[in-house]
Amino acid sequence: MTPFVKEHIARQVIITNAGVNGHNTSDLLQRLGSDVFAAYPQLVVLMVGTNDMLSPEKRIPVELFEKNYQKLITEIKKHSELILMTSPPVNTDYIFLRQDRKRYDDSGPEGMVRSANTIIKRLASENSCPVIDIYAILQACGGSGTDKNSLFQNEANTGNTDGVHPTANGYRVIATAVYQAIMMLFPEVRNIICFGDSITFGYQMPGQGTTEGDCYPAVLKRMMDLS
């Protein structure tokens with residue numbers, strides 16, 4: 001084996017997609033040991049909150065969301081570096097096609113996501129954690145719209161009244177933001193776990209649940225492999 005090949009192997013980055021459809025902060029706490037700590041990551045990238053706020057089955061009081069999120073931060077930081085991400089914007093009209101409006105207060109689903117993101121950013125500051133404001137980035141790129149070029153799955157680009165999960169192009173935006181944060185803050189890490197819900201999982205994307213295809217961990221892996 002040549003020295004060049006040895007160097008290439010030594011610098012190979014391991015990225016794990018530890019996203020699970022439908023999970024909230026309570027679920028993530030339950031699988032910290034098996035899905036995170038057992039892999040001895042140097043860095044965890046955490047995105048969770050959408051289901052805590054919006055899922056009929058997984059929605060929890062905002063006070064419990066904050067408590068769970070703080071516990072996730074505390075436990076993960078005992079073992080590895082941590083980057084937080086806010087939750088992406090959602091399409092309220094699509095959500096109301098499948099859920100009763102009466103389940104929400106006057107702020108609606110989008111307002112509830114923003115409330116969760118306010119908590120995430122405050123906890124990031126209180127715990128000295130870097131945070132990537134994916135909500136702001138994707139909102140600036142058009143948010144969760146209904147046109148074909150939207151970065152979120154909708155009737156025009158996928159035939160689905162989704163409005164919550166990104167398209168392949170949306171995942172490229174997320175992966176780029178994560179890659180830039182890693183290169184700026186933790187450029188030497190070689191074992192990264194992307195931990196979260198269906199957005200990390202890559203719902204309805206080629207390679208969902210893996211580091212192949214179009215989900216953000218897959219795009220991130222390709223970027224890291226080239227760095």
Side-chain angles (χ1 to χ4, degrees), residues 11-21 23 25 28 32 35-36 39-51 69 72-73 76-77 79-90 113 116-117 120-121 123-125 127-144 151-153 164-227:
R11 293 179 62 82
Q12 187 176 18
V13 178
I14 298 170
I15 294 181
T16 302
N17 184 339
V20 175
N21 284 337
H23 274 201
T25 50
L28 265 62
L32 267 175
D35 288 6
V36 178
Y40 299 100
Q42 296 170 293
L43 171 66
V44 174
V45 182
L46 175 65
M47 182 199 286
V48 65
T50 300
N51 291 317
Y69 205 99
L72 284 167
I73 291 173
I76 292 170
K77 287 190 72 174
H79 298 266
S80 71
E81 302 289 355
L82 175 62
I83 293 176
L84 307 178
M85 282 198 281
T86 56
S87 293
V90 297
V113 170
N117 287 340
I120 291 170
K121 288 186 281 188
L123 291 180
S125 176
N127 291 273
S128 301
C129 290
V131 60
I132 304 169
D133 195 351
I134 288 297
Y135 179 95
I137 293 170
L138 292 172
Q139 193 74 350
C141 294
S144 184
L151 297 180
F152 289 81
Q153 299 174 39
V164 174
H165 299 94
T167 62
N169 284 334
Y171 276 119
R172 292 184 186 106
V173 172
I174 294 173
T176 299
V178 174
Y179 173 78
Q180 290 176 332
I182 293 172
M183 289 295 99
M184 181 182 300
L185 299 169
F186 309 111
E188 299 304 316
V189 298
R190 292 293 174 261
N191 188 353
I192 302 167
I193 291 184
C194 303
F195 192 41
D197 54 27
S198 59
I199 297 172
T200 295
F201 178 82
Y203 178 70
Q204 292 191 332
M205 287 290 104
Q208 59 183 2
T210 73
T211 53
E212 303 294 331
D214 293 332
C215 55
Y216 105 73
V219 181
L220 177 63
K221 184 178 188 305
R222 293 195 289 274
M223 291 178 173
M224 297 298 292
D225 285 346
L226 291 173
S227 64

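The figures that follow rest on heavy atoms only: side chains count, while hydrogens, waters and symmetry mates do not. When a residue number appears, it is its place in the shown sequence, counting from 1.
Residues P166 and I199 have side chains in contact (heavy-atom distance under 4.5 Å, counting atoms from C-beta outward). With contacts defined as side-chain heavy-atom distances shorter than 4.5 Å, the pair L151/R172 does not qualify. For the pair T200 and N17, the minimum side-chain heavy-atom distance is below 4.5 Å. Residues V178 and V219 fail the side-chain proximity criterion, which asks for heavy atoms closer than 4.5 Å. Here the side chains of C129 and L123 are not in contact, with every heavy-atom distance at 4.5 Å or above. Here the side chains of I182 and L220 are in contact, with some heavy-atom distance below 4.5 Å. In this structure the side chain of E81 never reaches within 4.5 angstrom of the side chain of L185, judged on heavy atoms.
Between V44 and P41, the shortest heavy-atom distance links the atoms CG2-CG, 3.9 Å. What you find for Y216 and Y171 is that their closest heavy atoms are N-CD2, 3.3 Å. Taking every heavy atom of both residues into account, A39 and I193 meet most closely at CB-CD1, 3.7 Å. Closest of all the heavy-atom pairs between A124 and V131 is CB-CB, 3.8 Å. Nearest heavy atom pair, residue P89 against residue G143, reads CG-CA, 4.2 Å.
The stretch residues 176-207 participates, sequence neighbours left out, in these ring pair (Phe, Tyr, Trp, His ring centres under 6.0 Å) pairs: H165-Y203.
Side-chain N/O atoms of D133 and T86 include a donor and acceptor closer than 3.5 Å.
D35 CG to T16 OG1: the interatomic distance, rounded to the nearest 0.5 Å, is 9.5 Å. Once rounded to the nearest 0.5 Å, the distance linking NZ of K121 with OG of S125 reads 11.5 Å. To the nearest 0.5 Å, the span separating CG on D225 from CD on Q12 amounts to 6.5 Å. For the atom pair SG (C215) and NZ (K221), the distance works out to 11.5 Å, reported to the nearest 0.5 Å. Annotation: the span from L43 atom CG to H79 atom NE2 amounts to 14.5 Å, rounded to 0.5 Å. Remark: I73 CD1 to N127 CG distance equals 4.5 Å, nearest 0.5 Å.
When atom types are taken as modelled, the side chain of Q153 and the backbone of T167 share no donor-acceptor pair closer than 3.5 angstrom. In this structure, the side chain of R222 does not engage the main chain of E212 through any donor-acceptor pair within 3.5 Å.
Residues passing the side chain to side chain donor-acceptor pair (under 3.5 Å) test with H23, sequence neighbours excluded: R31. Under the side chain to side chain donor-acceptor pair (under 3.5 Å) criterion, S87 pairs with no residue, sequence neighbours left out.
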Practice prompt. Evaluate the side-chain contact (heavy atoms from CB on, under 4.5 Å) criterion for residues I174 and L138: first the C-alpha distance (whole Å), next the side-chain angles of each, then the deciding distance (0.1 Å), finally the verdict.
Written response: CA-CA 8 Å; I174 294 173; L138 292 172; 4.2 Å; yes
Start with the C-alpha gap between Y135 and I120, add the side-chain angles, then the distance that decides, and say whether side-chain contact (heavy atoms from CB on, under 4.5 Å) holds.
CA-CA 11 Å; Y135 179 95; I120 291 170; over 6 Å; no
*When you look at L46 and L28, which way does the side-chain contact (heavy atoms from CB on, under 4.5 Å) test go after all the steps?*
CA-CA 10 Å; L46 175 65; L28 265 62; 3.6 Å; yes
- [ ] Step by step, work out the side-chain contact (heavy atoms from CB on, under 4.5 Å) result for L82 and L72.
- [x] CA-CA 10 Å; L82 175 62; L72 284 167; over 6 Å; no
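The environment of Q42 atom CD is dense: over 12 non-hydrogen atoms of other residues, nucleotides or ligands sit within 6.0 angstrom.
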